[in-house]
Amino acid sequence: MSFTVRPARTADIPAIQALVEPLVQRRILLGKERVVFYEAVQEFRVATDDAGSLIGCGALHVLWEDLGEVRTLAVADDWLHRGVGHAILSDIEASAALLGLTRLFCLTFETEFFGRHGFEPIGEDIVSPDVYSQLVRSQDEGIAEFLDLSRVKPNTLGNTRMLKALQLA
C-alpha cells in the first residue's frame, strides 16, 4: 500500500487525536485537548493510506521570524519504518522554507530519526537576548519548551532539544 501527505482538515482532528493518544499515554508526546488541535489545524499535515485512513501527522508551528517547530509528529505503529515520518517531515520542511524560516526546532525522544534528517542537539543560547525577551512573553507551551523554561521541565524530562538549519531555495 502507498500513502499520501496532504494538509489536515477539520474532519481529521478526531483521527489525529486518536493517533496521538497512545503516544501521550506512553509519555512520548504531550497531551492536548481537542480544541487545541482544532486551533492548530492549519499547521498540520496528515498522511493517509490508499483507503483514506489517517496513518500519520505532524505540524509546523512558527516560533519567530526565522524559527519554526516540528510538533506532534506521529505515525501509526503498523506504518513505522515505511517512510511516512520522513514524508511528513519533508513536507513540513518545504512549508517552513516557503515561509522563509531558516531553522527548525524539535523536542523529541526520537533523536535517531531527527538526527538522520539533519537535526542536531542544542544548548540553551540559540536566540539573541532581544528575541529571548520577546519569546518569553508567549503563553505557548512549545515556546516555553524551546526556551527550556523551568515551568515545563517536568513535561520535558528525557527529551532532547534539537535544531536543523534549512537551506532556502
Joint cluster assignment, V36 & V41, ILVMFWY side-chain distance < 4.5 Å =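 In one cluster: no.
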
If every non-hydrogen atom of [X] is compared with every non-hydrogen atom of [Y], which pair is closest and at what distance?
| X | Y | value |
| --- | --- | --- |
| Y38 | T10 | CE2-O, 3.4 Å |
| G56 | V84 | CA-CG1, 4.3 Å |
| Q17 | E33 | NE2-C, 4.0 Å |
| L19 | A74 | CD2-O, 3.8 Å |
| F109 | R27 | CE1-O, 3.2 Å |
| E93 | L166 | CG-CD2, 4.1 Å |

If you round to the nearest 0.5 Å, how far is [atom2] of [Y] from [atom1] of [X]?
| X | Y | atom1 | atom2 | result |
| --- | --- | --- | --- | --- |
| E110 | M162 | CD | CE | 10.5 Å |
| L104 | L67 | CG | CG | 8.0 Å |
| R34 | I16 | CZ | CD1 | 10.5 Å |
| I92 | L60 | CD1 | CG | 6.5 Å |
| I13 | K32 | CD1 | NZ | 10.5 Å |
| F119 | T108 | CZ | OG1 | 9.5 Å |

Could you walk me through whether R161 and N159 pass side-chain contact (heavy atoms from CB on, under 4.5 Å), step by step?
-> CA-CA 7 Å; R161 297 164 71 241; N159 282 333; over 6 Å; no

Heavy-atom check, side chain of [X] versus side chain of [Y], under 4.5 Å:
| X | Y | result |
| --- | --- | --- |
| V20 | C57 | yes |
| L30 | L107 | no |
| T72 | L23 | no |

Do the rings of H86 and H117 sit parallel, tilted or perpendicular, given the 30° and 60° boundaries?
->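 The arrangement is tilted - the two ring planes meet at 30° to 60°.
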
Specify whether W79 and F3 have parallel, tilted or perpendicular ring planes, treating 30° as the upper limit for parallel and 60° as the lower limit for perpendicular.
->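 Rings of W79 and F3: perpendicular, over 60°.
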
Under the 3.5 angstrom rule, does the side chain of D12 hit a backbone N or O of R9 as a donor-acceptor pair?
->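 Answer holds: yes.
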
Please confirm whether the backbone N or O of E43 pairs with a side-chain atom of R45, one donor and one acceptor, at under 3.5 Å?
-> yes

Answer with yes or no whether the side chains of E21 and Q25 bring together a donor and an acceptor at under 3.5 Å.
-> yes

Determine, stepwise, if the pair F114 / L73 fulfils side-chain contact (heavy atoms from CB on, under 4.5 Å).
-> CA-CA 11 Å; F114 283 98; L73 184 59; 3.7 Å; yes

